[in-house]
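Read through the structure below, which is laid out as C-alpha cells, and then see the notes.
A note on names: the letters A, B, ... follow the listed sequences, proteins ahead of strands, and every chain is numbered from 1. What you see is a predicted model, and the numbers here were worked out from it, not measured in a lab. Worth knowing before you read on, the calculation uses all heavy atoms, side chains too, and leaves out hydrogens, waters and symmetry mates.
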Amino acid sequence: MTLSEVTNIAGTAGNFQVTVKEAPRYVDVDKCIACGACTEKCPKKVDSEYNAGTGKRKAIYVKYAQAVPLKYQIDPEACIWLKKPGACGFCQTVCDAGAINFNDTEKIHEINVGAVVLAPGFESFDPKEAKVWGYGIQPNVITAMQLERYLSASGPTEGHLVRPSDHKAVNKVAFLQCVGSRDENLCGNGYCSSVCCMYAIKEAVIAKDHVPGLSATIFYMDMRTHGKEFERYLERAKSDSGVRFVRCRVNGVETEGNTDDLRIRYINEQGRQVEEFFDMVVLSVGLQTPKSVLALAETAGIQMTADKFAATSDFAPVQTSREGIFTCGAFAGPKDIPQSVVEGSAAAAAVADLLAPARHQLSTAATFPTEKDISNEEPRVGVFICHCGSNIASVVDVAKVEEYAATLPYVTYVERNLFSCSQDTQDMIVKRIQEQNLNRIVIAACTPRTHEPLFRETLKAAGLNEYLVEMANIRNHNSWVHSKDPVHATAKAKDLVRMAAAKVTYCTALKPISVPITQKGLVIGGGVAGMTAALNLAEQGFEVHLVERTDTLGGNALFLKHTWSGEHIPTQVKKLIEKVMANDKVIVHKESEISKVEGFVGNFETTIKGGDGSTQVIAHGIGIIATGAGIMSPHEYCYQTSKRVVTSVEFDRLHELKEKHVRSAKNFVFIQCVGSREGDAMYCSKVCCTHSVQSAIEVKEEDPSRNVYILYRDMRTYGQREKLYRQARQMGIIFINYELHGKPQVIDKGEMLEVMVHDHILHRPLKIEADIVILATAIQPRSDAKDLANLFKVPVDGDGFFLEAHAKLRPVDFSTDGMFVAGLAHYPKPIEESVAQALAAAARAATLLSKNEVSLDAIKASVDAEFCDGCALCLDVCPFHAITLVTKEVDGKVGRLINVNKAKCKGCGLCQGTCPKRGVYVGGFTMQQISSQIEAALAV
Amino acid sequence: MAAAYHDPCNYGRKSLKAFGQAYFEEGREITGNCVTDLRELNPNRNGAYCCGAGGGAWALPYSDERVYYGRIKARQIAESGAHLIVAPCHNCRDAMMKSLNKEYDLNIEVKYLWELVADSLIMPEKE
C-alpha cells in the first residue's frame with residue numbers, strides 16, 4: 001500500500017486493528033506499465049522533491065526511476081484537471097493502457113494484524129530558517145542532498161558540478177558539518193546525526209573524481225568515522241584524494257560584495273583567523289524526525305526521547321514502549337544504512353518471536369500443472385514481440401520484426417502483444433503454448449532483470465519447464481537508446497531476436513535442486529549477542545546449540561556497568577542468562593570449542609570439543625558466529641610500569657570497589673584512542689569516547705572539586721550520546737584535543753604522574769599533574785578468529801574482524817550460505833547494536849530454518865566426465881569453494897576429476913570460462929547455447 | 001542614497017534569548033518606508049555581526065580590541081555600498097558613527113531609527 005498513512009492503532013499485541021487511509025493515486029496500478037507517455041505530455045511543472053528542488057517534475061510522475069511500485073501518480077496539488085475538471089486531461093488521452101482515473105477516491109482500510117513495525121524514517125534538516133549559512137539567499141549555498149543530485153548522472157546537470165548562480169565550473173568547494181546537528185542554539189537538535197561526516201567525505205571524494213583539480217575542504221568539529229572501514233576511508237580521503245580537513249565550526253557564510261563567491265571565516269589550527277573564498281558551499285544537513293512522524297508516534301501511543309526519536313531499551317533496541325509495536329531505522333535514533341538494515345531484520349526477529357505460533361497460517365503454496373517432458377521433441381519456438389505501449393513500437397517496426405522472426409529456424413509461431421507482461425496477455429501466452437504445442441519461448445520485450453521471473457511463471461502455468469524461455473531486450477538495449485534511428489533499431493531488434501531464438505533452441509529443462517534442512521541452529525559465543533540470537537531462535541521454536549568457550553555466560557558484558565543511556569548491565573545480563581538457561585530449546589555447551597566443521601547450508605555437521613576432551617557432533621542447518629572480541633593491553637603511557645595508569649575497564653572495577661587511590665584521587669586524566677586509529681589498528685573502537693565521558697561524569701559527580709581531563713582526538717559520542725558529552729562539558733570536565741603527531745606523554749613521578757600535552761586552544765604545552773590516568777584501550781579481534789573462520793570457510797577482514805557478505809545489503813550474512821555474524825566479532829559496537837545485530841542474524845537464520853528444504857536455482861555447474869582430466873584450474877577460480885577434486889577409475893586406470901557441490905555453486909560460470917577442455921559447464925549457458933548465440937549474432 | 005539597516009543584538013538575538021521576542025522586522029519596515037534603496041548586510045537578523053561595541057565594550061577602556069572586533073562589520077558595510085546606516089541601538093550607533101567610520105574610512109552617515117523617521121517627516125520644500 002503506497003500513498004497510505006496509519007490513522008489509528010487499536011487493540012493489543014497479537015491483535016491490533018489498524019486503520020489505514022489510502023490517498024488516491026488517480027492511476028490504476030494494475031493497468032499502468034510506466035511507459036512515461038503521460039509525463040511527457042503533462043504541461044504542469046513543479047519542483048521535484050527527489051531532486052531536492054534542483055530540478056522539476058510534472059504533475060503526473062514517478063518519484064524516481066527505481067520507485068516501487070514503478071507506477072505513475074498524479075499530484076492533486078498540481079494537476080490541472082483535478083483542480084478544474086475538463087481543463088487538461090492530456091495524460092488520459094495519451095495513455096494506451098487506459099490507466100488514468102480522475103475519479104479515484106480516498107479509501108479507508110481496516111487491517112487486523114498481530115504486530116506493527118514503525119519505520120517512517122527521517123527528514124533532513126532545512127537550513128533556510130537559520131539564515132546564517134546564507135541558504136535560500138545565496139544560490140551557491142546548497143545542501144548535501146542537493147549536491148548528491150548535482151553529482152548524479154540522472155540529476156539536473158547530468159553529473160556536472162556547476163554553480164547554480166552562473167553555471168560557472170566549480171573549482172573550490174567547502175563542506176560545513178553539523179548543520180542542524182549538535183546545535184541547540186539555531187535548531188534545537190542537540191544530538192549528533194551520526195552519518196554526515198561519512199557522507200561529506202564520500203561526496204567530497206566523488207566531487208573530486210568528477211572535477212579534476214577541484215579543491216574540497218571539510219570544516220568539522222569532530223570527525224566521526226566510527227563505523228566499519230570508515231577510518232580507512234577517512235585516511236584515504238586525506239592521503240589519496242587530497243580532501244582538506246579543517247577543525248573549525250564555521251559560524252556563517254556570506255558573499256564578497258556583489259559577487260557570487262562565498263566567504264568563509266575560520267580559525268586555523270595555529271589559532272589564526274583566516275578568510276577564504278569558495279565557489280560553492282555544501283551544508284552537511286542533519287537528520288530529524290518530521291512532524292508527520294511525531295503525529296504517527298502519538299497515534300501509535302509510543303514514547304519518544306527528548307531528541308524526538310522513538311524510545312527503546314538498549315537490550316531490546318527495536319521494541320517501543322507499547323507491546324507489539326516495533327521500530328527500526330532512523331526513527332529510533334539517527335543511523336546509517338548498515339545499522340538500519342540490521343534493525344530491519346532485528347524487528348522481523350522480534351515480530352517472529354511474538355507471532356511464532358501463527359507461522360505459516362496465511363501462506364499458501366502456488367500449484368502448477370505437471371511438467372511436460374520435451375527432451376525428445378523437435379524444438380518448436382514461439383516468439384512473442386512486445387510493443388510496450390509505444391515504448392518499443394514507436395521506434396522499432398514491430399511488424400517487420402514479426403515477419404522476420406517467422407523465418408528463423410525452428411520458429412513455429414510468432415505473435416505481437418501491446419503489453420506482453422499484462423495479466424491478460426500472460427493468460428493468452430499460456431493458451432498459445434498449449435494450442436500450438438510450443439516447447440521453447442522467446443519474449444522480445446524488456447529486461448530479464450525485472451521480467452524474467454514473471455515469464456518463467458507463465459511457462460510453469462503452461463506445463464513447460466521454466467528455464468525454456470529467453471528474453472530479447474529490444475526496449476532498454478534498443479528502442480530507448482536508439483530512439484532517433486528507427487531503421488537501425490529495427491535491424492538490431494531482428495538481431496536480438498535471432499540470437500535469443502538460436503540460444504533457446506538448445507535450452508534443456510533444468511531441475512531446481514532442493515536440499516533438506518536440519519531445523520536446528522548453532523550459535524558460537526555465549527556473550528550478549530550469542531545469547532540474544534540463541535534465545536530469539538528458541539522462542540521462534542527452533543532448537544539451538546549455544547557453544548561457549550569459558551565456564552560462564554555473559555562475555556564482555558560482564559565487565560561493563562551501564563549502557564550509554566544508563567541501563568544497569570549486570571541486571572539485564574543476569575535476566576538474559578536466566579532466560580537462556582530456562583529455555584529447554586537452548587542447549588548450552590560451556591567450556592567447549594569448535595574443532596571441525598563439515599557440510600553446507602541446511603546440513604552442517606560441527607564437532608565441538610569439551611573441556612574434558614570429549615567430542616560431540618552437532619547437526620545444524622545454520623550457524624551464527626558471535627565470538628566477541630578482546631581488549632588490547634597497551635605498551636605505552638607507563639601502563640606496564642605504573643599502578644596509577646589503568647585501562648577503562650580496570651578503572652570501572654577499581655572505582656566500583658572504592659579502591660583507595662581512586663577514592664582519594666583529585667586529578668583524573670583520560671587518554672582516548674589508545675591502540676585505535678593508528679598503525680595496524682586503523683579502525684575506531686566506537687565505544688570508548690562514550691565510556692570515558694560516562695566515567696568522567698561519575699567521578700566529577702562524586703566530588704565536583706576533582707579535576708577531570710579527557711585527552712581526545714575526535715570526540716565520537718555519536719547519535720543521542722551527544723547528550724553525555726554536553727553534560728560533561730557543562731560540569732566542567734576539560735576536553736583537550738591532541739593529534740596523532742603530538743600524542744600526550746605520561747611521566748611517572750612516583751607519588752603522581754605528569755601528563756604533558758599540547759593544548760589546542762592555548763597553543764602551548766600543558767603539564768597536568770595527575771593522580772590517575774585512564775587509558776581508553778582498543779577493542780581488538782580475537783587472535784583465533786581466523787582459525788574459526790577457516791573452519792566455517794568464512795572470511796575475516798584485514799583487521800581480523802569477521803567480514804559480512806555486503807556492508808549495506810547483507811550486513812549479518814556471510815557470503816557462505818547459512819552462516820551469520822553478530823556482535824563484537826563483526827566490529828566494535830555498543831550493546832544495543834550487538835543486540836540488534838544478534839536479532840537480525842536470528843531473523844535471517846529463521847528464514848532458512850522455517851522451511852523443510854531450501855530450493856536452489858537450477859543454474860549450476862556440472863562436470864562433463866568425458867572431458868574433465870582433473871587439472872584443477874577451476875578449483876582456484878571458484879569463489880564459493882564449491883569444487884573439489886576426486887579420483888575416478890576408468891578401465892582400471894586411476895585418474896582425477898572434479899566434483900561440484902550444487903548447494904554451494906552459484907552458477908557464476910567462472911569455472912566454465914577457465915576450463916581449457918570443456919570439462920565443466922553451467923546449465924542454461926552451455927557451450928552450444930553460447931556459441932549458437934554468437935553465430936547468430938555474426939550471421940547477417 | 002543607499003542605506004542599510006543594522007540589527008542590534010539588544011533588539012534582536014539578545015531580546016529573543018531573554019524574552020522570547022525579537023524585533024527584526026519592525027525597524028526594517030520603517031527604514032524601508034523612509035529610504036529608496038535599502039540593502040541587507042548578510043548574514044542579518046539573528047545572525048548579524050556585532051558592531052564591535054557589544055557587551056558594553058563602548059564604555060570600557062579596551063578601545064583597540066573594540067575597533068578590531070568591529071572590522072567585520074566595517075567590511076560588511078563597505079562591501080554593501082551603503083552610505084547611510086540605520087542603527088536603532090545607541091551603543092551600535094556610537095560605535096559605528098564615532099569609531100568604525102573613522103578607523104576604517106567608511107565615509108558613512110549613521111542614524112538612529114527615530115532620527116531617520118524625524119528627518120523623513122520634513123517636507124522637501126520646507127527644508
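A 4.5 Å side-chain heavy-atom check between B:Lys17 and A:Asn185 finds at least one atom pair inside the cut-off.
Within a 6.0 Å sphere centred on CD of A:Glu184, heavy atoms belonging to other residues, nucleotides or ligands number more than 12. In A:His760, the NE2 atom is crowded: over 12 heavy atoms of neighbouring residues, nucleotides or ligands sit closer than 6.0 Å. Within 6.0 Å of the NE2 atom in A:His763, the count of heavy atoms belonging to other residues, nucleotides or ligands exceeds 12. Counting heavy-atom neighbours within 6.0 Å of A:Lys172 NZ, excluding the residue itself, gives a total above 12. Surrounding NZ of A:Lys723 are at most 12 heavy atoms belonging to other residues, nucleotides or ligands under 6.0 Å away. Around CE of A:Met221, the count of heavy atoms belonging to other residues, nucleotides or ligands within 6.0 Å exceeds 12. Around atom CD of A:Glu256, more than 12 heavy atoms belonging to other residues, nucleotides or ligands sit under 6.0 Å away.
Contacts between B:Gln76 and chain A at a heavy-atom distance below 4.5 Å involve the side chain alone, from C-beta outward. Contact annotation for A:Gln138: only side-chain heavy atoms (C-beta onward) come within less than 4.5 Å of a heavy atom of chain B.
Of the listed residues B:Gly47, B:Pro43, B:Ser80, the one with more heavy-atom pairs under 4.5 angstrom with chain A than any other is B:Pro43.
For the pair B:Glu79 and A:Arg263, the salt-bridge criterion is met [side-chain N within less than 4.0 Å of a carboxylate O].
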Residue pair B:Asn46, A:Glu129: steps toward the side-chain contact (heavy atoms from CB on, under 4.5 Å) verdict: CA-CA 10 Å; B:Asn46 206 32; A:Glu129 283 303 299; over 6 Å; no
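To the nearest 0.5 Å, the span separating NZ on A:Lys131 from CG on B:Asn44 amounts to 7.5 Å. One finds the CD atom of A:Glu254 at 3.5 Å from the OH atom of B:Tyr49 (value rounded to the nearest 0.5 Å). Atoms CD1 and CG, from A:Ile137 and B:Asn42 in turn, are 4.5 Å apart once rounded to the nearest 0.5 Å. One finds the CZ atom of B:Arg75 at 4.5 Å from the CD atom of A:Glu275 (value rounded to the nearest 0.5 Å).
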